Novice: 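For reference, the structure I am asking about is given below.
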Amino acid sequence: EEVGEEKACRLVDGAPARDGQHRPRRGPAPAQGPRGEAAGRGGGGGGEGEADDTEAINLFLAQVAAGKCGWITKKTFRFTAALNAVDVAGAVIRGEGGTLLYDGASTTATMMTFGNASTARRRLDVRGFRIHSNVVMTGGDCIKIMNTTGVDVDVIFGDEYGTWRIYNGLWLAACTDIRLHSSNFCALNVGFRWNGGAELHCMNAYVKGNIVGGFGTGTGIHCGGGVGGFYAENLTQLFNDIGMKIDRTLEVAGNLQFFFGGGTFDSNKTRALRIDDDTISAGKQLVLDGWFASTASGHGIEIVNWKGAVTVNGQIVANSGDGIYSSDQSFVLTIGKSADIRNNGGYAVNSSGAWTINMDAAPTGNVSGVLGPNVLNASYRFGSQKLNFDPAKEWAIDLTAGGVKTILAGSNFALTTGSGLVLMTNPNTPDAALFLTYGGMVVSISGGGPFVSGAPGVVKFGLPFTGGV
């Protein structure tokens, strides 16, 4: 499709487009709007990262704000001050791998801004370029997007190969319907942060902390209040202090649904995931089906406050502390059949919430054991499906939260509703029979079972109780 100068603009060599120097040309297709480019050449920077291209870039952004589809060529454009905001609906900037390189005196500048805090906008599409800094930043964001619905971002923030200079990558403030595509975030403080919006999809995003000296000091992903519908569909996060945190420090409003469908949170310093949201709100849900592993000095998943449901189906492996740790008694934790919690330096689960375990395989290799001291006597129960475990191994521990009950020969004992996993042992010599009655069914258990070799009359039998007895 051939288009004219009125429909596109091109940042070619750091120079603004000039009248009479536009030429129609076939170009890449943006998500919305026309295709094509209009090349401008003339005085200004050379796109080699040496001259100051600030004026040229601002003129380029002014054409984008006027409705043209922007295109950044594969060059380095150096700028020395925060760029002018683009505050229109439907702005489109595409690129072929060029770099916008900040080299100014301020170390706290927000480099690019789209939208504003008071006027709602629709559609923003920025893809195909890198934004980086030539100076070490101590504040600010590379890109801040405000109050926009329908956001597509596919940008490299910083340098994924080791020159960490940007402070924060992307800030999405009051944005909804977001797709981060294959964006890369390599920041000193926060890779990307989000508050006050709904529906964010991390399709193939990559978030990496500064590993100079071992680990980054910041957070990979920060959901800071008033958000819901976070989907980590193929997210990779590595080498931060905290991989991801969910709290209310950016906006005093509760967070709702988070769904991790296949993400990786690996090799962080203190936490793979930390949740601290004490708001009470209907529909709070956290589904963890991914990889949460290898923290150097802390737990895999830490839940400080969460007034809702947490479902774990993923792998929580080789963290230095507990696999799952919580001191909050108000949430419901469900560990599903496909969960894999192993080789952690503390307990597999050390959670004081009400919880259900329905795993295909027992947690193994956790240094301190399966269940930690935060598990309260009345705070846990087991699911109604079969628990597969080897009584001679890790599951054969004291789960008698209500204490041990001795039943004399010929006597009966009634279990209360929600008794949990019942372990029955027959210590009699010679063998005697044990009978368990449940729902009109009588189960006979005789001694001499194979579980403990050489001990006469010992057998263990478990039934998961979730209802009345």
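All values reported here derive from a predicted model rather than from experimental measurement. The figures here come from the full heavy-atom set of this structure, side chains too, leaving out hydrogens, waters and symmetry mates. Residue indices begin at 1 and follow the sequence shown.
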Novice: Does Lys307 pair with Asp277 as a salt bridge, N-O distance under 4.0 Å?
Specialist: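 Salt bridge between Lys307 and Asp277, a charged N being under 4.0 Å from a carboxylate O: no.
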
Novice: Under 30°, 30 to 60°, or over 60°: which ring-plane class applies to Phe260 and Phe265, parallel, tilted or perpendicular?
Specialist: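 The arrangement is perpendicular - the two ring planes meet at more than 60°.
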
Novice: Side chain to side chain donor-acceptor pair (under 3.5 Å), that's the test. Do Thr264 and Thr236 meet it? Break it down for me.
Specialist: CA-CA 5 Å; Thr264 296; Thr236 300; 5.0 Å; no

Novice: Within the side chain of Glu96, is there an N or O that forms a donor-acceptor pair under 3.5 Å with the backbone of Lys74?
Specialist: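 Answer holds: yes.
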
Novice: So do the side chains of Leu59 and Ile57 get within less than 4.5 Å of each other, counting heavy atoms only?
Specialist: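 Contact flag for Leu59/Ile57 side chains = no.
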
Novice: Output yes when a side-chain donor or acceptor of Asn168 lies under 3.5 Å from a complementary backbone atom of Gly140, and no otherwise.
Specialist: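 At least one qualifying donor-acceptor pair exists.
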
Novice: Strictly distance-based, threshold 3.5 Å: is any side-chain N or O of Arg130 a donor or acceptor partner for the main-chain N or O of Gly158?
Specialist: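 Present.
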
Novice: OG1/Thr311 to CG/Leu333 distance, rounded to the nearest 0.5 angstrom?
Specialist: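 Reported to 0.5 Å precision, the distance equals 8.0 Å.
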
Novice: Any chance you could lay out the side chain to side chain contact (heavy atoms under 4.5 Å, CB included) test for Val190 and Tyr167, step after step, and finish with the verdict?
Specialist: CA-CA 7 Å; Val190 179; Tyr167 192 70; over 6 Å; no

Novice: For Gln257, give me all partners under side chain to side chain donor-acceptor pair (under 3.5 Å), at least two apart in sequence or on another chain.
Specialist: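 Result, side chain to side chain donor-acceptor pair (under 3.5 Å) vs Gln257: none returned.
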
Novice: Side chain to side chain contact (heavy atoms under 4.5 Å, CB included), that's the test. Do Phe114 and Thr148 meet it? Break it down for me.
Specialist: CA-CA 9 Å; Phe114 295 89; Thr148 303; 5.8 Å; no

Novice: Test your reading of the model: is there a side-chain donor-acceptor pair from Thr295 to the backbone of Ser297, 3.5 Å cut-off?
Specialist: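 It does not hold such a pair.
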
Novice: On a heavy-atom basis, which atom in Gly345 and which in Ser368 lie closest, and how many Å separate them?
Specialist: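 Result for this residue pair: O-OG, 3.9 Å.
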
Novice: Search all heavy atoms of Gly169 against all heavy atoms of Ala187 and return the closest pair with its distance.
Specialist: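 What the structure gives for the nearest pair is N-CB, 4.0 Å.
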
Novice: How long is the gap from CG on Leu100 to CD1 on Ile143, to the nearest 0.5 Å?
Specialist: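 One finds 8.0 Å between CG of Leu100 and CD1 of Ile143.
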
Novice: Is Asp247 paired with Arg274 through a side-chain N to carboxylate O contact shorter than 4.0 Å?
Specialist: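 Between Asp247 and Arg274 there is no salt bridge, as every charged N stays at least 4.0 Å from the carboxylate O atoms.
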
Novice: Contact between Leu180 and Phe192 at the side-chain level, heavy atoms closer than 4.5 Å - yes or no?
Specialist: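 Side-chain contact under 4.5 Å: yes.
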
Novice: As an exercise, state the distance from SG of Cys223 to CE of Met244, rounded to the nearest 0.5 Å.
Specialist: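 Reported value, rounded in 0.5 Å steps: 3.5 Å.
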
Novice: Just by modelled atom types, is the Asp328 backbone N or O under 3.5 Å from a matching donor or acceptor in the Ser326 side chain?
Specialist: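 At least one qualifying donor-acceptor pair exists.
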
Novice: Considering all heavy atoms of both residues, which atom of Glu251 and which atom of Asn195 are nearest to each other, and what is their separation?
Specialist: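 The pair with the smallest heavy-atom distance is OE1-ND2, 3.1 Å.
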
Novice: Between CD1 of Ile341 and CD1 of Ile316, what distance do you get to the nearest 0.5 Å?
Specialist: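 Nearest 0.5 Å value for the CD1-CD1 distance: 4.5 Å.
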
Novice: Please check this pair: side chain of His299 against backbone of Gly321, looking for a donor-acceptor N/O pair closer than 3.5 Å.
Specialist: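 No; zero donor-acceptor contacts below 3.5 Å.
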
Novice: Looking only at the side chains, is there a donor atom on one of Thr149 and Asp177 sitting less than 3.5 Å from an acceptor on the other?
Specialist: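 There is no such pair between these side chains.
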
Novice: Would you say the side-chain atoms of Ser183 pair up with the backbone N or O of Val155, donor to acceptor, closer than 3.5 Å?
Specialist: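 Side chain of Ser183 to backbone of Val155: a pair is present.
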
Novice: Side-chain contact, heavy-atom cut-off 4.5 Å: Leu256 with Val227?
Specialist: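 Counting from C-beta outward, Leu256 and Val227 never come under 4.5 Å.
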
Novice: Where is the tightest heavy-atom contact between Phe77 and Leu11, given as atom of each residue plus distance?
Specialist: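 Looking at all heavy atoms of both residues, the shortest contact is CZ-O, 3.6 Å.
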
Novice: Any chance the side chains of Trp291 and Asp266 put a donor and an acceptor closer than 3.5 Å?
Specialist: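 Asp266 and Trp291 do have a side-chain donor-acceptor pair below 3.5 Å.
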
Novice: If you compare all heavy atoms of Ala109 against all heavy atoms of Tyr102, which two are closest, and at what distance to 0.1 Å?
Specialist: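 Ala109 and Tyr102 have their closest heavy atoms at CB-OH, 4.0 Å.
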
Novice: Where do Cys9 and Phe60 land on the side chain to side chain contact (heavy atoms under 4.5 Å, CB included) test, with the steps shown first?
Specialist: CA-CA 7 Å; Cys9 59; Phe60 166 79; 3.9 Å; yes

Novice: Distance from Met137 atom CE to Ser106 atom OG, nearest 0.5 Å?
Specialist: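 Going from the CE atom of Met137 to the OG atom of Ser106 covers 5.5 Å.
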
Novice: Assess whether side chain to side chain donor-acceptor pair (under 3.5 Å) is satisfied between Thr76 and His132, documenting all intermediate values.
Specialist: CA-CA 10 Å; Thr76 297; His132 195 20; over 6 Å; no

Novice: So do the side chains of Ile221 and Phe230 get within less than 4.5 Å of each other, counting heavy atoms only?
Specialist: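 Yes; the side chains approach each other to less than 4.5 Å.
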
Novice: Between Asp141 and Arg193, is the closest basic N to carboxylate O distance under 4.0 Å?
Specialist: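 Yes, Arg193 and Asp141 are salt-bridged.
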
Novice: Does Thr119 offer a backbone N or O that forms a donor-acceptor pair with the side chain of Asn147 under 3.5 Å?
Specialist: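 Such a contact is found between Asn147 side chain and Thr119 backbone.
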
Novice: Quick one: sort the Phe259 and Tyr231 rings into parallel, tilted or perpendicular, breaks at 30° and 60°.
Specialist: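 It falls in the parallel class, under 30°.
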
Novice: Please check: side-chain N/O of Asn189 versus main-chain N/O of Gly218, any donor-acceptor pairing under 3.5 Å?
Specialist: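 Not confirmed, Asn189 side chain does not pair with Gly218 backbone.
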
Novice: What's the verdict on salt bridge (Lys or Arg N to Asp or Glu O under 4.0 Å) for Asp276 and Arg248, showing C-alpha distance, side-chain angles and the deciding distance?
Specialist: CA-CA 8 Å; Asp276 186 1; Arg248 300 191 300 140; over 6 Å; no

Novice: For Val88 and Val86, what are the C-alpha separation, side-chain angles and deciding distance, and is it a side chain to side chain contact (heavy atoms under 4.5 Å, CB included)?
Specialist: CA-CA 6 Å; Val88 295; Val86 176; 4.1 Å; yes

Novice: Might you work through the salt bridge (Lys or Arg N to Asp or Glu O under 4.0 Å) test for Arg271 and Glu302, ending with a clear yes or no?
Specialist: CA-CA 7 Å; Arg271 303 290 187 272; Glu302 181 183 30; 2.6 Å; yes

Novice: Can a side-chain donor-acceptor contact be found between Asp52 and Thr80 if the only test is distance below 3.5 angstrom?
Specialist: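 Asp52 and Thr80 do have a side-chain donor-acceptor pair below 3.5 Å.
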
Novice: If you compare all heavy atoms of Arg342 against all heavy atoms of Asp340, which two are closest, and at what distance to 0.1 Å?
Specialist: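 Between these two residues, the closest heavy atoms are NE-OD2, 2.6 Å.
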
Novice: State whether Asp103 and Arg78 are salt-bridged, where the test is any N-O pair (Lys NZ or Arg NE/NH1/NH2 against Asp/Glu carboxylate O) under 4.0 Å.
Specialist: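 Yes.
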
Novice: With a 4.5 Å limit on heavy-atom distance, are the side chains of Met112 and Lys144 in contact?
Specialist: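 Side-chain contact under 4.5 Å: no.
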
Novice: Side chains of Tyr206 and Ser182, heavy atoms from C-beta outward: is any pair under 4.5 Å?
Specialist: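 Not in contact.
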
Novice: Pick out which of Val349, Asn344, Asn319, Asn350 makes a side-chain contact (heavy atoms from CB on, under 4.5 Å) with Asn366.
Specialist: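 Running side-chain contact (heavy atoms from CB on, under 4.5 Å) over Val349, Asn344, Asn319, Asn350 with Asn366 returns exactly one hit, Asn344.
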
Novice: Less than 4.5 Å apart, side chain to side chain, heavy atoms only: is that true for Ile166 and Phe157?
Specialist: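 They are in contact (side-chain heavy atoms under 4.5 Å apart), so the answer is yes.
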
Novice: Closer than 4.0 angstrom, basic N to acidic O: yes or no for Asp152 and Arg127?
Specialist: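 Looking at Arg127 together with Asp152, the answer is yes, because their closest N to O distance falls below 4.0 Å.
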
Novice: Over 60° means perpendicular and under 30° means parallel, so classify the ring planes of Trp306 and Phe258, tilted if in between.
Specialist: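 Aromatic pair Phe258/Trp306 classed perpendicular.
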
Novice: Using 0.5 Å steps for rounding, measure from the OG1 atom of Thr113 to the CG atom of Leu83.
Specialist: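 Output value for this atom pair is 8.5 Å.
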
Novice: Does any part of the side chain of Val92, heavy atoms only, come nearer than 4.5 Å to the side chain of Lys68, both counted from C-beta?
Specialist: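 No, too far: nothing below the 4.5 Å cut-off.
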
Novice: Is Ser320 reaching over with its side chain to a backbone N or O of Gly298, donor-acceptor style, under 3.5 angstrom?
Specialist: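 Present.
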
Novice: Ignoring hydrogens and angles, state whether a donor on the side chain of Asn268 or Gln237 is under 3.5 Å from an acceptor on the partner side chain.
Specialist: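 On atom types as modelled, these side chains qualify, holding a pair under 3.5 Å.
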
